[in-house]
2 protein chains.
Amino acid sequence: MTRKSGVALWRQIADQIRQAISAGTLGADGKLPPEMILSERFGVNRHTLRSAIAALVQEGVLRAEQGRGTFVESRQKLSYPISARTRFSTGLREQTRERRSILLADAIEPALGRVAEALGLAPDAPVLRLETLSEADGRPVSRATSWFDAERFPDFARVYAETASITLAFQHFGIEDYFRKSTLVSARHADAADLTDLKLSAGAIVLVAWAINVDTAGVSVQYAETRFVADRVELSVSTEA
Amino acid sequence: MTRKSGVALWRQIADQIRQAISAGTLGADGKLPPEMILSERFGVNRHTLRSAIAALVQEGVLRAEQGRGTFVESRQKLSYPISARTRFSTGLREQTRERRSILLADAIEPALGRVAEALGLAPDAPVLRLETLSEADGRPVSRATSWFDAERFPDFARVYAETASITLAFQHFGIEDYFRKSTLVSARHADAADLTDLKLSAGAIVLVAWAINVDTAGVSVQYAETRFVADRVELSVSTEA
DNA sequence: CACTATTTGTTCGTATGTATT
DNA sequence: CAATACATACGAACAAATAGT
């Protein structure tokens with residue numbers, strides 16, 4: 001195994017270990033083989049392997065105990081419901097002890113092509129962009145970019161910052177209810193920004209959901225791109241007739 | 001911008017360019033600014049920027065022409081609908097010229113925990129497992145593993161092989177209609193088997209959908225795990241009220 | 001047609017970071 | 001800790017293709 005393709009060797013090893021664990025070919029009994037064995041198996045120096053393990057410990061995948069060994073932290077995925085009544089806060093309530101959303105940034109900007117189309121606005125109409133981060137049990141779960149009609153929802157960012165809830169902020173503007181109209185789901189490697197915000201290591205995967213929410217009249221009120229940490233989240237679509 | 005966090009600079013730049021393109025803030029007109037301009041904007045040497053571009057060309061995101069410029073290759077994804085009426089054959093009809101499914105293997109086996117639960121069968125009840133591959137325009141799109149009640153659908157594999165359609169095979173057993181009950185979506189790195197079947201290169205991502213289909217009486221008739229090539233497919237969930 | 005400006009493609013050299021021995 | 005090999009990054013210059021004057 002040599003270094004190549006722009007990714008440090010210890011990160012490649014970390015990716016391989018992470019994958020082997022999820023595939024069940026490594027640590028199926030909850031315990032990893034000793035570092036010496038692993039370094040031989042991956043064909044790298046023990047120092048390199050230790051760097052990989054350290055990263056996975058930091059990531060929460062592994063737990064190392066001196067004199068005992070390295071253990072797999074079992075983390076079952078958060079199941080995130082997608083339905084007409086999808087609320088970003090509900091549905092996860094029983095799955096986590098503590099959840100919170102953080103407003104990272106907000107800005108008014110002209111609506112780019114896709115955003116204008118999704119919100120049903122004229123191109124370059126002013127829209128509010130919110131950058132938010134969601135955590136569960138102290139770990140980052142998702143990172144969202146949302147757009148709103150800046151003229152219909154003036155000062156939305158301040159209201160959201162006070163209420164810490166999209167639902168409550170909408171109510172402040174007279175929208176008592178809203179619905180998920182459509183969701184487009186794809187997956188890709190986390191980019192540099194995702195890596196830092198979601199505290200991931202290179203090669204990690206994000207589930208990307210492009211969502212359009214509409215009010216009771218069917219008018220688009222929110223367009224959002226949410227990047228979920230694929231290791232921690234699955235999306236659940238129920239399509240009962 | 002310095003090198004750090006174990007990821008090569010040219011790779012970070014490539015990620016930024018890829019995201020900027022998908023966000024519409026770069027190459028919205030189909031053409032990228034000249035290398036000199038881009039290298040200044042990203043604060044890196046022209047070589048570094050060229051490495052990033054070379055990677056994206058290899059990836060199929062960009063196309064470079066000497067003397068003319070660097071252009072965005074628009075590769076729109078296949079949009080795969082998920083609804084109560086989801087059929088694996090329909091919905092994609094207008095998006096591809098040619099589609100086909102191939103039966104790779106079939107076997108009768110005892111139902112493992114999750115399979116038995118999803119199909120509403122007793123543990124270790126005999127189930128039929130089908131391994132199928134779907135191609136669009138000559139390129140692999142998805143790889144599915146499906147399970148069926150072997151007692152209710154004897155000889156299902158042969159019927160499917162003849163009709164090349166799940167819908168038609170079900171009709172042969174008197175099921176005139178069926179519905180998608182639930183879909184669980186996650187994403188992971190392609191494993192060794194996926195890499196060969198879907199002709200992917202290491203590090204590629206698959207969108208994984210676990211689906212339960214039920215007949216008109218609400219009885220589970222099919223349980224399937226489908227691995228979609230994330231580069232080529234997105235899942236579209238419409239949740240109209 | 002020649003000339004020029006623009007843009008990508010190639011080849012030197014040098015320095016630094018990373019992994020192994 | 002030192003020596004070595006390799007990947008990464010920057011700088012400068014030139015070559016080749018294209019588009020316009």
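Labels below follow one simple rule: chain letters A, B, ... track the order of the sequence lines, proteins then strands, and each chain is numbered from 1.
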salt_bridge(B:D231, B:R139) N-O dist < 4.0 Å: no
Nearest-Å distance for atom pair CD1/C1', residues B:I53 and C:dG9: 12 Å
Among C:dT10, D:dA19, C:dT20, the nucleotide that comes nearest once only the side chain of B:R68 is considered: D:dA19
Selection from C:dA19, D:dA16, D:dA9 that lies nearest to any side-chain heavy atom of A:T48: C:dA19
For the student: nearest non-hydrogen atoms of A:S146 and A:Q222, plus distance: OG-NE2, 3.2 Å
Separation of C:dA19 P from A:I13 CD1 (nearest whole Å): 10 Å
Options D:dG11, D:dA17, C:dT10, nucleotide nearest the side-chain atoms of B:N45: D:dG11
Separation of D:dA12 P from B:M36 CE (nearest whole Å): 10 Å
Exercise: do B:T145 and B:R227 side chains pair donor with acceptor under 3.5 Å: yes
Interatomic distance, A:E40 CD vs C:dT20 P [rounded to whole Å]: 14 Å
Sugar-phosphate only, base, or nothing, as touched by B:T70 at under 4.0 Å among non-hydrogen atoms: sugar-phosphate
Atom-pair distance (CD on B:E35; C1' on D:dA17), nearest Å: 13 Å
Donor-acceptor pair between A:S134 and A:S101 side chains, under 3.5 angstrom: yes
Check: C:dT11 base within 3.5 Å donor-acceptor of B:H47 side chain: yes
Phosphate OP1/OP2 of D:dA9: any B:W10 side-chain N/O under 4.0 Å: yes
Given C:dT20, D:dC10, C:dG9, the nucleotide with the shortest approach to the side chain of B:L9: D:dC10
Interatomic distance, A:R46 CZ vs C:dT21 P [rounded to whole Å]: 15 Å
